[in-house]
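The structure appears right after this line, and notes come after that.
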Protein chains: 2
Amino acid sequence: MSTAARAVPSEEPLAEEHAGLRAQHRRRVRDALVTSALSLFKERGFEHVTVDDVAKMAGVSRRTFFRHFATKEDVVMERRRRQLHTFAALLEGDDGRPALERVREACLSLADDFEAQRERVLAERALVMGNRELVARDMEVDRELEQVIVGAFAAHEGRRAAARRGGGRAAAPSIEARWMAAAVVGIVRVTLDDWAEGGGRTKLRAMGERGFTLLAGLERART
Amino acid sequence: MSTAARAVPSEEPLAEEHAGLRAQHRRRVRDALVTSALSLFKERGFEHVTVDDVAKMAGVSRRTFFRHFATKEDVVMERRRRQLHTFAALLEGDDGRPALERVREACLSLADDFEAQRERVLAERALVMGNRELVARDMEVDRELEQVIVGAFAAHEGRRAAARRGGGRAAAPSIEARWMAAAVVGIVRVTLDDWAEGGGRTKLRAMGERGFTLLAGLERART
DNA sequence: CGAAAAATGTCACTCAGTGCCACTTGACAC
DNA sequence: GTGTCAAGTGGCACTGAGTGACATTTTTCG
């Protein structure tokens, strides 16, 4: 909204389904750019690879790279961003369960994914942590994750209010919902850091469960 | 450490005191760059001002700008970074009080400063929120703040361990200390967002106190 | 005073990111 | 099919951030 959104490729629909030949090809190019970029970055380091290099390896022009990604950093965030979308999908809709419970499950399921793809996750993480710009972008995604989680808390507490309003747009999320979401994301991030620093040798899921136990204490403290 | 630290002006000593002629002048130039930059950015918007413009207004060369600030964004973060240093100073040393209590006081004192300088804080905040790069840098500072707070928690719980080690370097902070710090920073940030979104019309200190009440609940949940 | 160190200005260079325009190729109506 | 339209692309030129090298001035310190 306010973030002077670059004139960018309009947030891919992300719909795997059928899609026309055109969308299919676009997706292939995009994927080629991601894999080329990650491969080169891991090999030579983010700052010693130019966008030209990436484009050439993917078999497209430099100009096309920027039609798919607003910045050189964004191509590294692609995977995380897709994860974010599936994460958001997990939280869609509102069964009766408490929001924290649902968020907990979604996070722990993500933790399982991470442990299953340990090597890849650790390698990409090392790449990100080795560069200031990338760290900054990574936190940008954390903020988006936080917004998704705020949505989950707000949806839960706002069902009544929304109903009374006639099903219109949701009310602004309460400060408590935002507090909870910020705490969740912070704790999840730290847990992940800890796991990665230990070379992925600790039990990520177990740590995550401990973290959410703590968070349950936080929620109990809500008035 | 790992963040491929740019070859930058070596973290100003920040010592106000006497300082030689040389340091004095350097500080004056730096301040001139900051005020010029903020003035131009607020007037025309961050992306419609070049580093050349800023340097010219401050009466130095473009090259000198980059001897003081690693990036165009960093000059905007200067004020926050100084605040961070005074904040860290507040947490220096270890009286017997619980860490959360001391962090709470430091944060609430910061809240008072913000309310006292409402206009300036809100204006700079609007500047930052209006630009993606600046938001990312801002979160970078949040992370540094988090590290400082981790230090406070770790120092408190690590006194014994450090003593046994013979006063050597502190042990790595516990995951609980890191969780707490992440939760604190997240909640502080959201509280500030909320205050700013309301145009600074709400009571920041009161909100902050509520936030820390919540955090006390979190700490109780620690094993 | 004289030498080392710090700060600056100038110049040249790399590379990220953008606007513009011409060209190709799927998508879709008829 | 055929024509029309829009999307995706490549090429090119341009702005501006950031860096390295070198010469010059100015402070510090023995």
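Only a predicted model underlies this, so the values are computations on that prediction, with no experimental measurement involved. Within every chain, numbering begins at 1; the chains are lettered A, B, ... in the order of the sequence lines, protein sequences first and strands thereafter.
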Task: Heavy atoms from other residues, nucleotides or ligands near NZ of A:K42 exceed 12 (cutoff 6.0 Å) - done: yes
When the distance from [atom1] of [X] to [atom2] of [N] is rounded to whole Å, what number comes out?
X: B:D74; N: D:dA17; atom1: CG; atom2: P; answer: 14 Å
X: B:F66; N: C:dA12; atom1: CZ; atom2: P; answer: 19 Å
X: A:L21; N: C:dA27; atom1: CG; atom2: P; answer: 5 Å

Task: Residue closer to the 5' end of DNA chain C, B:G59 versus A:F65 (nearest nucleotide) - done: B:G59
Task: Parallel, tilted or perpendicular: ring planes of A:F41 versus A:F46, cut at 30 and 60 degrees - done: perpendicular
Verify the contact: side-chain N or O of [X] to OP1 or OP2 of [N], cut-off strictly under 4.0 Å; return yes or no.
X: B:S61; N: C:dT8; answer: no
X: A:H68; N: D:dT9; answer: yes
X: B:R63; N: D:dA21; answer: no

Side chain [X] and base [N] donor-acceptor under 3.5 Å:
X: B:R62; N: D:dA17; answer: yes
X: A:R22; N: D:dA7; answer: yes
X: B:R67; N: C:dG9; answer: yes

TODO: Map every base of DNA chain C to its dot-bracket character, where paired means a Watson-Crick or G-U wobble contact with both distances under 3.5 Å and | marks a partner outside the strand.
DONE: ||||||||||||||||||||||||||||||
Open item on the list: Counting only side-chain heavy atoms from C-beta out, which of D:dT9, C:dA5, C:dG9 sits nearest to A:H25?
Closed with: D:dT9
TODO: Output the single nucleotide from D:dG10, D:dA6, C:dG17 whose closest atom is nearest the side chain of A:K72.
DONE: C:dG17
Open item on the list: Salt bridge or not between A:R205 and A:E115? Use side-chain N to carboxylate O under 4.0 Å.
Closed with: no
